[in-house]
Each structure stands twice: as structure tokens, then as C-alpha cells.
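Single-structure report; data block below.
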2 protein chains.
Amino acid sequence: MNNLTDKNIYWWRPLDDRELGTRGEILFAAYKEIHWQGFQSASLSNILARTGVTKGALYHHFPNKTELGYAVVDEVISEHIRLSFVEPLLEFENPIDGIIELIQSSGDAFSMTDVELGCPLTVLAQEMAPIDEGFRIRLIKIYDLWHQSITDGFHLALKNGQVRDDIDPDTVAMMIVATMEGAMNAAKVAQSLDKLYLCGNGLIQYLELIRKKQDKDKRI
Amino acid sequence: MNNLTDKNIYWWRPLDDRELGTRGEILFAAYKEIHWQGFQSASLSNILARTGVTKGALYHHFPNKTELGYAVVDEVISEHIRLSFVEPLLEFENPIDGIIELIQSSGDAFSMTDVELGCPLTVLAQEMAPIDEGFRIRLIKIYDLWHQSITDGFHLALKNGQVRDDIDPDTVAMMIVATMEGAMNAAKVAQSLDKLYLCGNGLIQYLELIRKKQDKDKRI
DNA sequence: TATAAAGCATACCAATTGGTATGTACGAGA
DNA sequence: TCTCGTACATACCAATTGGTATGCTTTATA
């Protein structure tokens, strides 16, 4: 019935399986349960069933459900976004090329399960931001990190003459993050990779539009 | 504690207060509770407390919680999206002008509560799409309606020479919907209208980029 | 090897959940 | 006036929830 028990079927895989330890296993199982059900509806019994760990162990490592949720955000989701979106961008000379590359490669790597569950950040943001400040400040930290990394990239691109002079790095970065989140949302509802590709192409075309002309010609 | 009891403090106001009737009151209260807590965590007791209606009345009008949720999507949220985004767009000669106008006017009308709770469509999409097919098909219908109205607009704009010839209406429409959803998501987490404006400006700049040049000049 | 603490396991608990069974008030139609 | 269906109201219920109290091992340390 629940096909998410397997540890490695989806892309939003945050940790290595090996050597998690009890705490890590709980954290990982909680992450999956939350990604799937949301935080409030995430059942501790389900998490325990996933792992085979007992309630005593859970409450030995975490004082309560909320703190377990916080730990999932801090240690699992945050790290995943950093490794998937922030770090890789630093590798590229031109952030426009980097983002295009990231869009395409993650699009290729996505399974249907990834599409169905969508971005774990958005799941928690939509559910918990209005009702729990602890979640909200943690989530905003991750979004800001992501957003800032793109902003920095475009500041550099501006200096290097890789983008049109009239763009504002902050605004463009906001656009990119928002569009990617929105794209994953649309694909999730439609349960369709095509929606993701469609929006990915739109975003790539947008990026080509703000690329500096001489740079555009140089590349061809 | 719960400051959402008042009926008219926020923009996502779907119905008129007057003459709701018992069923309408339940529906409205359920909509607000769901918008705030999500569907699964929406408490029937809370909904009853909001309205003063008893459980007997609720179960007289709705067979169960799920069907109540479906009714909220079909009758409240769907109608709201239609009246706020789909219908108004038809009024404009140029869809680009229309969308810019819609972005600006809704930005002006948004209260902090609107920002905090975000788009009710996204709330339900993120929570329910993966776990309840009934919700998913209803939500997809609304997204498609919205998306299609923009696509139609750009098909017309293409014919009228209002946009660049190399754009694909479907792709552009996807971009716009995704970006708006993503913008509301970002603003919700940050609890900041500024984030909304920032992303709104980005989207407007994007729209100006795909506007046809002679049309761009003509307007100034 | 003695001891303390960390790492779990079992059993239990109050509170809340969605849902139901039964009863009642009331207006329309025959 | 009798009846029948609509529109509620009250009281109750099993199941699940997060959380706790109390135990037992194992491991590190002195």
C-alpha cells in the first residue's frame, strides 16, 4: 500500500543508507513520512513501523514530535537543498549555464515518485509556515540560502558581462526560485513529468532572454 | 487565538456573507479552516465552533469529511480562481497588459493574512494531491482552467502580433502560472509582501521581454 | 569488576478524531 | 388533521493520536 518504504526509489534522497544509526534511521523515516503526509498528519506509529524502532527509542532521541520535525528540516531537507541546488551552482563560470544545466539534469533524474511528492520544502512551507514559527524560520533560512546563491551568481555575471545590464540580480533570482517551485507544484498536481519539462523549457527560454547578446552569439 | 474567525478580513474571500444558509456557512467555515490548517488537520469541531452549527447539521448536508472537502474545492476555491484570475483576463485586449494589471491590482489588495495563508489551491495541492485522487482531479481541473485561459490569451496575442513570434503560448502560460504560485509560496514563508512585489516585478519584466518590439514602442 | 549513564523496549494514558444512532421540531401536501 | 420528508440537535463510540512512566540491556569509564 505504501510504496515509499524503500529507501532509494526517489530523488529527494537526503542521506546515505549505510551507517545511519538509530537516530538517523528515525530521522530518515520521519523525513519520508512528512514528505508524503505532511507534518501534522505524519504518524509517529507509521514512522516507527517504517523503521522497526520502538517508541521508547524515538523519545530517547527526540523530546517530542515538533522537535523531530525541526530536526528533519535542519538536518535532512536543508542539507539536501544545499547539495542539490546551492553547491552545484558554484561550479559554473556562468550562472545561466549552471541553472540551465541544473534544470535539465534534475529533470532527467526525476522519477514519477519525485514528481508525485514534489519539493519537500514546499510541502512543509505550505502546511507549517502559517501555524508554527519554529518551522517557518527554519524554512525561510533554506529559501534564503538558495535565493542568495543565485543572486550572488547574477551579481558576478553582471560584473562579467554575461547578462543584460538592466537586470536586477535579486529580482531575477526570486523569479527563478519561484518558477522552479511553481513548476514542481504543477507537475505534482498533474502527476506529469511533461509539465515539469514544459516549465523547465519556459525558464530556460527566459534565461536566454536575459543573457547578454554578444555572449549569446559567442556561444553559438 | 484564531484570528480568522472574522469573515471579511482577507482577500481569498469566496462568497458573500449574506444569505449563505446553513450549508453555505458550513462550506465557508470549512474553506477557512482548510485554508488555514490544511484538509487532514482541519477539525470538524473547529468548523462547527466557527459556525455555531451542530454536528447533526453538518452530517445532514455532507456525507463525510472528504465530501465536504471536495465541495469546498468545487464550489468555493474553483469559483474564486475563476472570478479572480480567469474572468478578468477576458476583459483585456492584450493579455500581457491584462496579466500585469492583475498582478498589480491583486498585489495592492492583499492583506498580511492573505500573504500568510497563501493560495488555497497550493495548500491543498501540496497536501492532498499525492494521497487523494478525488482532490487531485478537482485541483487539476482548476489549474487547467487557469492555465488554458492564459494560453488562449497568448494564442490571440500571437495572431494580433502583440507578442514575439517565437514564443509558445503553452510554455509561456505555464511559466506565468508557476511563477505566480511560486511567488505566493515565497511570500507566505517570508510573511512578506515585499517578496510578492519583488517576484511580481520580475514577472512583469519577463512579460515586457516577450512583448513584441513595435508594440512595445507603440505603447510609449 | 563495579557503577553510572546511555540506549532502548513495553505498557499504558488522556485527549481528540471522524462518524453514527436516535430523537425532535417543523413545514408542505393530501 | 394526519403524515411524511427535510432540517437539524444530542449523546455516544471506536480508533488513533502524541506523550509518559517504568522497566531492562548494553556500553563506556573509573
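Here is how names work: the chains are called A, B, and so on, in the same order as the sequence lines, proteins then strands, and each is numbered from 1. Not measured: the values here are computed from a predicted model.
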Fill in the blank from the handout: Considering only heavy side-chain atoms of B:Lys65, the closest of C:dG19, D:dG19, D:dT10 is C:dG19
Fill in the blank from the handout: Taken to the nearest whole Å, CD1/B:Ile47 to P/C:dG19 is 11 Å
Handout entry: Ring-face cation of B:Lys32 near B:Phe28 (centre distance under 6.0 Å, axis angle within 45°)
Key = yes
Problem - Check ion pair A:Arg23-A:Glu75 (N to O, under 4.0 angstrom) - result: yes
Practice task
Look at B:His60 and D:dA7 and indicate whether a side-chain polar atom (N or O) is within less than 4.0 Å of OP1 or OP2.
Solution key: yes
Handout entry: D:dT17 OP1/OP2 closer than 4.0 Å to side-chain N/O of A:Ser43
Key = yes
Handout entry: D:dG19 base / A:Lys55 side chain donor-acceptor hit below 3.5 Å
Key = yes
Exercise for the section: May I ask you to evaluate whether B:His61 reaches the phosphate of D:dT6, defined as a side-chain N or O under 4.0 Å from OP1 or OP2? Expected result: no
Practice task
Could you tell me the separation between the CG atom of A:Leu44 and the C1' atom of D:dG19, rounded to a whole number of Å?
Solution key: 9 Å
Exercise for the section: Identify whether NZ of Lys or CZ of Arg in B:Lys65 sits under 6.0 Å from the centre of the six-membered ring of B:Phe39 and within 45° of that ring's axis. Expected result: yes
Practice task
Starting from P on C:dC13, measure out to OH on A:Tyr59 and report it in whole angstrom.
Solution key: 17 Å
Exercise for the section: Provide, to the nearest angstrom, the distance between the CD1 atom belonging to A:Ile26 and the C1' atom belonging to C:dA9. Expected result: 13 Å
Completion exercise
Rounded to whole Å, the CZ-C1' distance (A:Arg23 to C:dA6) equals 15 Å
Problem - Ion pair A:Asp144/B:Lys195, N-O distance below 4.0 Å - result: yes
Completion exercise
When rounded to whole Å, the CG to P distance for the pair B:Leu48 and C:dG18 reads 9 Å
Practice task
Please state how far atom CD in B:Glu33 lies from atom P in C:dG18, giving the value in whole angstrom units.
Solution key: 9 Å
Practice task
Answer yes when B:Glu87 and B:Arg82 have at least one side-chain N-carboxylate O distance shorter than 4.0 Å, and no when they do not.
Solution key: yes
Handout entry: Between C1' of D:dT16 and CD of A:Gln40, the distance in whole Å
Key = 16 Å
Practice task
Please check the phosphate of C:dT16 (OP1 and OP2 only) for any side-chain N or O of B:Ser45 closer than 4.0 Å.
Solution key: no
